[in-house]
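First up is the structure itself, then whatever we jot down about it.
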Number of protein chains: 2
Amino acid sequence: MALRPMARTDVNRSAILAHLGAHGPASRAELARALNLSPALMTQLTKDLLADGLLRELAHQPSQGGRPARMLGLVASAGRAVGVKVAADHLAFVEVGIDGSVLRTASEPFDASATTMLAKLVELLRRFIAGGADTPLLGIGVGVPGDVDRQGEGVVDSTQLGWTHAPIGESLRRELGLPVLVENNVNALAMAERLYGLGRRHDSFLVVTIGTGVGAAIVVDGVILRGSRGGAGEVGHTPVRDDGPLCSCGNHGCLETFLSEDALVRIARERGVIGASAGIEALRDAADSGDDRATAVFSEAGHLLGRTVAGLVHVLDPEVVILLGEGTADWTHWSYGFEPAFRAALIPSRRGVPIAVERWQDDSWAQGAATLVLATPFDADGSMGEQGDLVRRRLVQQAAPPEADS
Amino acid sequence: MALRPMARTDVNRSAILAHLGAHGPASRAELARALNLSPALMTQLTKDLLADGLLRELAHQPSQGGRPARMLGLVASAGRAVGVKVAADHLAFVEVGIDGSVLRTASEPFDASATTMLAKLVELLRRFIAGGADTPLLGIGVGVPGDVDRQGEGVVDSTQLGWTHAPIGESLRRELGLPVLVENNVNALAMAERLYGLGRRHDSFLVVTIGTGVGAAIVVDGVILRGSRGGAGEVGHTPVRDDGPLCSCGNHGCLETFLSEDALVRIARERGVIGASAGIEALRDAADSGDDRATAVFSEAGHLLGRTVAGLVHVLDPEVVILLGEGTADWTHWSYGFEPAFRAALIPSRRGVPIAVERWQDDSWAQGAATLVLATPFDADGSMGEQGDLVRRRLVQQAAPPEADS
DNA sequence: TATGGTTTGTTTAGTCTTGAAGTAAGGGGA
DNA sequence: TCCCCTTACTTCAAGACTAAACAAACCATA
């Protein structure tokens, strides 16, 4: 079988790869159960993948009471992926292996508002890619703070970056000749969480990030909810007070103007908790050393966050809420306000919803973007357009050994 | 997480029936376009439905420049459905034809908190059904204010009715021997809206109801978002003020304590706008006749609703928001507060989201419940369990003339 | 009147998936 | 040791769906 048709929407072959990448070797039966597919189909699909050289059979596993399972594993040399996080003032890069492990990271200053921004982005990406491993590069994931169009073209609107209809995806694709997946950064994080984190065991969950802003991603039945124009999850601009501070979106009193790092610093300065030119570190230090006024700043923010998340839990009824972002470094201070406010605001039947605060690492954003490349085929119905197909094609192309068919 | 096994439940035959019911006769080509299926499949499916006696070929339509279309229409005698709205103090019944048209309505007093409540419900349903037309009854739709489990069993939790784990679906099925579909009442309304209303032209929309409470239903890609335990859309208990009035859920300051009919009456009484024993009609009359303090009550509620809905639009990014419920009768008064608050609270890129206030009729709730029966097969992935199948089977069973196949 | 264009509907071959029924390979008693 | 049970995998027939090619029925126009 020289050229398998490699169908238009063959999600499941990729799902197998993604699952093996995320969980390590597994038997056909395990895969069938995990992916909710019939054993019959699993036989069929793995046969193809084995023939393509993407999978290989490993040792048998001791019997579980019946016939022992033949384990299947990824062929490790099958590929790598690169992720970029775009922020207003810098770029963060990550290279991951096909199993999602971080191989390499980098960070570069970047001015998102510069007119030459696109050229600069391409240049820095090229440089990072060049330094990479020898295994085939499957694609680039780009995480941006803002709305991305649904069709997977990669047109970005972002107040934070000052971009309107920026055709990031198309430009990068043209310049780099690689599959490029552009996604909202919180959604990218949710995807990573789904593949490697808590989301593995939950089909519907909510990811909330705190840090430079406030964001949310909604996963329903394993799929990211994008909304009609890719803008779902914009929780940062929930109106809180009519007469609140001016927000970057032009309105007054958005949630972000009370919870973002800048907001906390502003409030702390106004109250004289920290000096007029001090930053978030000063506030953190003060809180860590027991300054009541400093802990109050965090706990008030936690209170507001708790009420907001409670509202989201009412509206979306997730199985679990995952808290992420730079701000979680100070979570102990936030939690004094968050926990009581959150639980008190929930209707009784929802009070048991678990809140998971996951450890945050500096390259998490970029890692989330990178996993897009490995995960997107996972994401049914081509919400990422043809890029998923392209990634898959590259995988097969690289791995398939020349062979003759019977 | 199966990515679209799209189970054996044959959604499309039902979709054809539902479409014809909602829009009247159509050609195969029209159907294929409307339902986004290939013409080839449409030929196949309609052949089956014609053989089953559910469809019949009508006259040709004048050519549109090519071959003239052969119209297909429902066989009207194929079935009817009954819908019940369950409220704390009464039941509302509706009988609809296979095309969704209302054939008959009734209303009966009912005490949802009585221990004999289930028996009473069965009895009143039996009586209503008995008075119906001669065409086969396809099933019963039940709309309840509260959470319904996801599996379509029909287990209900409702603070409003004082029910916990009430096995409504199973009981009714056993007693009546009919398919029974239990659903949150706002979701039922959303389903009706999807089949017969604005939802026909929109895949993602938000339904918000105002009246005795505040509710929301979320439709994403044509499917109702139910959340992990069927409780999505509980917008009425969004926390608004820590020290607000006591809500039926046990918390203080829920949205409902500011926007429900009871809340408006309470506020108006407190302010002396209406007498201490006057009701919502008195407040409406006062507002209609230009009483500034009365209109202020409505417009303040509108303001709060506007900000809340803006938050939902940020989080869910719907194509359109549909406003329904008894409260929309006073919408002109609400809108003075709603419109400015809503638009002002939206981020610029969302300001264009249309708000549709649809005309409200007394039997809308029950009609929504009834359309569940006709619509549920529409609702992919068997989120309503086997009941959809049962309804379909009844349709075919009744209509199929005995015939031998080639 | 022929000719081409347009829309409608059907046939055919082929893909993806499943359920049912089998085969393979171990285990634990009697 | 033999028989049955369990689990893992495979084969097979069949359904749902699509793309592509075709046939049918009309219109316009030269």
Side-chain angles (χ1 to χ4, degrees), chain A residues 1 3-16 25-51 55 57-72 377 380-382 389 392 396, chain B residues 1-16 25-52 55 57-72 377-378 380-382 386 388-389 392-393 396 405-406:
Chain A
M1 60 181 76
L3 285 182
R4 196 190 312 295
M6 204 32 138
R8 48 213 166 285
T9 333
D10 176 13
V11 178
N12 289 329
R13 282 185 182 76
S14 321
I16 293 172
S27 70
R28 290 171 239 268
E30 270 179 85
L31 285 169
R33 282 190 296 266
L35 302 178
N36 211 2
L37 298 170
S38 65
L41 182 58
M42 200 48 69
T43 294
Q44 208 50 45
L45 295 179
T46 53
K47 192 190 291 172
D48 294 354
L49 291 171
L50 284 165
L55 253 46
E57 291 198 310
L58 307 176
H60 286 274
Q61 244 199 352
S63 160
Q64 315 259 58
R67 171 173 169 179
R70 190 75 192 257
M71 303 302 277
L72 299 172
D381 74 9
D389 266 347
R392 221 169 307 139
V396 176
Chain B
M1 123 232 13
L3 296 181
R4 342 199 74 183
M6 195 50 115
R8 60 233 146 282
T9 31
D10 175 13
V11 178
N12 289 329
R13 283 185 181 77
S14 321
I16 293 172
S27 70
R28 292 168 176 81
E30 269 178 87
L31 285 169
R33 281 190 298 265
L35 301 179
N36 214 359
L37 298 171
S38 65
L41 181 58
M42 201 47 69
T43 294
Q44 207 51 45
L45 296 178
T46 52
K47 192 189 290 173
D48 293 354
L49 291 171
L50 285 165
D52 284 344
L55 254 46
E57 290 200 309
L58 308 175
H60 286 273
Q61 245 202 350
S63 160
Q64 315 259 57
R67 170 174 170 176
R70 189 76 194 257
M71 302 304 275
L72 298 172
F378 218 17
D381 75 7
E386 52 174 4
D389 264 347
R392 218 169 310 136
R393 214 156 289 157
V396 175
D405 207 301
S406 61

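Residue numbers start from 1 in every chain, and the chains themselves are labelled A, B, ... in the order their sequence lines are given, proteins ahead of strands. Scope of the values below: all heavy atoms of this structure, side chains included, with no hydrogens, waters or symmetry mates. Everything numeric here is computed off the predicted structure, so don't read it as measured data.
A donor-acceptor pair is defined here as one N or O able to donate and one able to accept, closer than 3.5 Å; such a pair exists between the side chain of A:Arg70 and the backbone of A:Leu58.
Between the CE atom of B:Met71 and the C1' atom of C:dT7 there is a distance of 14 Å, rounded to whole Å. Rounded to an integer number of Å, the gap from CD of B:Gln61 to P of D:dC26 is 14 Å. Atom CG of A:Leu50 and atom P of D:dC9 are 12 Å apart (whole Å). Taking atom CD on A:Glu30 and atom P on D:dA8, their separation rounds to 8 Å, with Å as the unit. For B:Gln64 and D:dC26, the CD to C1' distance is 11 Å, given to the nearest whole Å. What separates CG of A:Leu37 from P of C:dG19 is a distance of 11 Å, to the nearest Å. Across the protein-nucleic acid pair, B:Asp48 atom CG and C:dT10 atom P stand 12 Å apart, rounded to whole Å. Rounded to whole Å, atom P of D:dC9 lies 14 Å from atom CG of A:Leu45.
The CG atom of B:Leu72 sits 9.0 Å away from atom CG of B:Leu49, with the distance rounded to the nearest 0.5 Å. Note that CE of A:Met71 and CG of A:Leu55 are 11.5 Å apart. Values are rounded to the nearest 0.5 Å. The CD1 atom of B:Ile16 lies 4.5 Å from the CE atom of B:Met42; values are rounded to the nearest 0.5 Å.
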At under 4.0 Å between heavy atoms, which parts of nucleotides 24-29 of chain C does protein reach? Answer with one letter per nucleotide, 5' to 3': B base, S sugar-phosphate only, - none.
-> BBB---
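Looking at the side chain of B:Ala69, the nearest of the listed nucleotides D:dT18, C:dG9, D:dT10 is C:dG9. Nearest to the side chain of A:Ala29, among C:dG9, D:dC9, D:dT11, sits D:dC9. Of the candidate nucleotides D:dC9, D:dA19, C:dT8, D:dC9 has the atom lying nearest to any side-chain atom of A:Thr43.
Not a single salt bridge (Lys or Arg N to Asp or Glu O under 4.0 Å) links B:Arg33 to another residue, sequence neighbours left out. Applying the side-chain contact (heavy atoms from CB on, under 4.5 Å) criterion to B:Thr43, with sequence neighbours excluded, gives no partner residue.
B:Arg70 has no side-chain polar atom (N or O) that falls below the 4.0 Å cut-off from OP1 or OP2 of D:dA25.
B:Thr46 has its side chain out of reach of B:Glu57: every pair of non-hydrogen atoms, C-beta onward, lies at least 4.5 Å apart.
Annotation: of the two residues near DNA chain D, A:Pro39 and B:Leu41, the 5′-most nearest-nucleotide partner is A:Pro39. Nearest-nucleotide positions on DNA chain C place B:Glu57 closer to the 5' end than the other of A:Gln44 and B:Glu57.
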